[in-house]
Amino acid sequence: MTVLRIEGGTPLSGVVDVPGSKNASLAILSSVLLASGPVTLRNVPRVSDVFIKLDLLRGYGAKIDWEGENLVIDSSELVDFEPTPEMTRLIRTSFYLLGPILARLGRARLPMPGGCQIGARPVDYHLKGLTAMGAKIDTIGEMYVVDAPRLVGTEIYLDFPSAGATQHLMATATLAEGITVIENAAMEPEVTSLADFLVSLGARIEGAGTSTITIQGKEKLTGSQFFIPADRLQAGTFLLGAAITQGDVTVRGVLPEHQTAVVNKLREAGAKASEGPDWVRVSADRRLRGIRVKTMPYPGFPTDVQQPMAAVLAMADGLSTVNETIYESRTGHIGELNRMGAKMTIEGRTTIIEGVAELQGAKVVASDLRAGAALVLAGLAAKGVTEVRNVHFIDRGYEGLESLLTHLGGRIQRIQEKEPIPLA
Ligand code: EPU
């Protein structure tokens, strides 16, 4: 069993180059199947969700090579493939393959997706959008059986600005006949990155990054070369690391406007922050004070930083509240942080945090990716030794987390523990 063993109490300090974005990569790796020529991607993070996605792409006949730092994918020839439910349930974005496969092959059979257990996470907006574009969708058990000999552009209104549905439908529309308009579209930077990638393939897209996206379909998309931007969520985690350990961290290679919500809430709590064209610096020389946080679609406070932020506020002076509006049950960190001495309770969608001066190291278990990040941050600031188990969740989205944190002065090691011998 893999364990992250953390000796807390050392302030994080220094400059860190942030790896490529997991969520932008996963969206792009679905859409890569739209390209009838080789695509070279740079800065793809080597995280387990990406490896799972590449396995799915291989199933569809894509040829995949790592050439040093470059990931080269050739989807010129695709084959009919039916992934197993065991494969698709490993990641949420397995479902975003549906539209591109339909656009290329006219039919698809895809089991329901999975991903971190943080809420119900239905796929109804995806299905409604594809249906509006002319797809005929049936289900057999957990399998979607979809036919669309021809996809046609249409107007789609999303009931909620879903990042995944916006990405999936925008990508699919690039090969539909005519014009598609997506209203109430998500404005997350990962949507814009995907649009930039699709445009590099020759797609015609306007308005990505706003709530109305217009796509003019084309008959064919070509190959291209594309650089995956830095992971804003990982950058946010490091900035919170500076705040919780009373350290001083600069994240480099990022766009400061992607950190606006996190940085402003940290400032409100008493941290200092500055920024340049491609960097953000956060430092804290004293205990932060309690604040109220509410997650919102971008440019609001990101749900993916909510759990790490709660860890920071667990050690702030006074009362804090963290209101999660995107997912119903992104709460797996709470019980584990309480084991470390935090005083957190939950009322509906709101975590109420009575700040404590000190956390104590403990043996804790990650329940999902961002809960894992929250526990690592808490461990870095706690007194004594923290051991985080279920590291595979953290490996879904943080490339080389322990080496980057070690570089910043954190005392964190990955160790392999012998499995306990089961009692007879
Ligand atoms: N929703 C529906 N119906 C749908 C689609 C979404 O009700 O058809 C709901 C969801 O249940 C959720 C809300 O809409 O309550 C927002 O979901 P969204 O579709 O925006 O999320 P997603 O595309 O499934 C991506 C990220 C998540 C991140 C969200 C929000 C990836 C692989 N995942 O998920 O990232 O929390 O956007 O920004 O890009 C993570 O990285 O830890 C993670 C969970």
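Source: prediction; values computed, not measured. Note that ligands are numbered from 1 as they come in the structure, with each ligand's atoms numbered from 1 the same way.
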Could you name the option among G164, A165, A24 that has the heavy atom nearest to atom 23 (O) of ligand 1? G164
Shortest protein heavy-atom distance from atom 17 (O) of ligand 1, along with the residue and atom involved: Y327 OH, 4.1 Å
I'd like to know if K22 contacts ligand 1, where contact means a heavy-atom distance under 4.0 Å to any ligand atom. yes
Salt bridge flag under 4.0 Å for residues E324 and R349: no
Over 60° means perpendicular and under 30° means parallel, so tell me whether H168 and H126 are parallel, tilted or perpendicular. tilted
Please indicate whether any nitrogen or oxygen in L369 is less than 3.5 Å from any nitrogen or oxygen in ligand 1. no
What residue and heavy atom of the protein are closest to atom 39 (O) of ligand 1, and at what distance? N23 CG, 3.2 Å
Atom 44 (C) of ligand 1 has as its nearest protein heavy atom R330 NH2, 3.2 Å
Please determine whether a side-chain nitrogen of the Lys or Arg among R330 and D304 lies less than 4.0 Å from a carboxylate oxygen of the Asp or Glu. yes
Is it the case that the side chains of S200 and S224 hold a donor-acceptor pair, with the cut-off being a distance below 3.5 Å and no angle test? yes
Against heavy atoms of T93, which atoms of ligand 1 measure under 4.0 Å? 32 (C)
For D124 and ligand 1, does the shortest N/O to N/O distance drop below 3.5 Å? yes
Can you list the steps and then say if T154 with I156 is a side-chain contact (heavy atoms from CB on, under 4.5 Å)? CA-CA 6 Å; T154 183; I156 297 168; 3.8 Å; yes
If we only count N/O pairs under 3.5 Å, is D304 in contact with ligand 1? yes
Look at D147 together with R109 and state whether they make a salt bridge at an N to O cut-off of under 4.0 Å. no
If you measure only the distance, is there a donor-acceptor pair under 3.5 Å linking the side chains of T303 and Y327? no
Heavy atom under 4.0 Å from ligand 1: found in I326's side chain, backbone, both, or neither? both
Polar proximity ligand 1 side, Y96 side, N/O cut 3.5 Å exclusive: yes
Polar contact flag for L233 and ligand 1 (N/O pairs, less than 3.5 Å): no
Answer yes or no for P122: is there a heavy-atom contact with ligand 1 below 4.0 Å? yes
Mode of R92 contact toward ligand 1 - side chain, backbone, both, neither (heavy atoms, under 4.0 Å): side chain
Taking atom 19 (O) of ligand 1 as the reference point, the nearest protein heavy atom with its distance: S162 OG, 2.6 Å
Salt-bridge test for E177 and R150: reply yes if a basic N is under 4.0 Å from a carboxylate O, no otherwise. yes
Looking only at heavy atoms of H126, does any of them come nearer than 4.0 Å to an atom of ligand 1? yes
Protein residue, atom and distance nearest to atom 37 (O) of ligand 1, heavy-atom basis: A163 CB, 3.6 Å
Within-shell test, E324 vs ligand 1, heavy atom, strictly < 4.0 Å: no
Would you say R370 has any N or O atom under 3.5 Å from an N or O of ligand 1, going by distance alone? yes
Looking only at protein heavy atoms, which one is nearest to atom 14 (O) of ligand 1, and what is the separation? F160 CD2, 3.7 Å
Using 4.0 Å as the upper bound for N to carboxylate O, is an ion pair formed by K53 and D55? no
Taking the basic N atoms (NZ, or NE/NH1/NH2) and the acidic carboxylate oxygens, is any pair closer than 4.0 Å for D159 and K128? yes
Please state which protein non-hydrogen atom is closest to atom 38 (O) of ligand 1 and give its distance, to 0.1 Å? E188 OE2, 3.9 Å
How about E183 and T212: does a side-chain donor come under 3.5 Å of a side-chain acceptor? yes
How many angstroms lie between CG in L198 and CZ in F226, if you round to the nearest 0.5 Å? 9.0 Å
For ligand 1, indicate whether the residue Y125 contacts it via side chain, backbone, both or neither (heavy-atom separation under 4.0 Å). both
Using a strict threshold of under 4.0 Å (side-chain N to carboxylate O), is an ion pair present between R281 and D248? yes
Under a 4.0 Å threshold between the charged nitrogen and the carboxylate oxygen, would E399 count as salt-bridged to K22? no
Looking only at distances, please establish whether an N/O atom of ligand 1 is found under 3.5 Å from an N/O atom of L26. no
Ligand-side contact atoms (ligand 1) for residue partner R121, heavy atom cut-off under 4.0 Å: 11 (O), 24 (O), 34 (O), 44 (C)
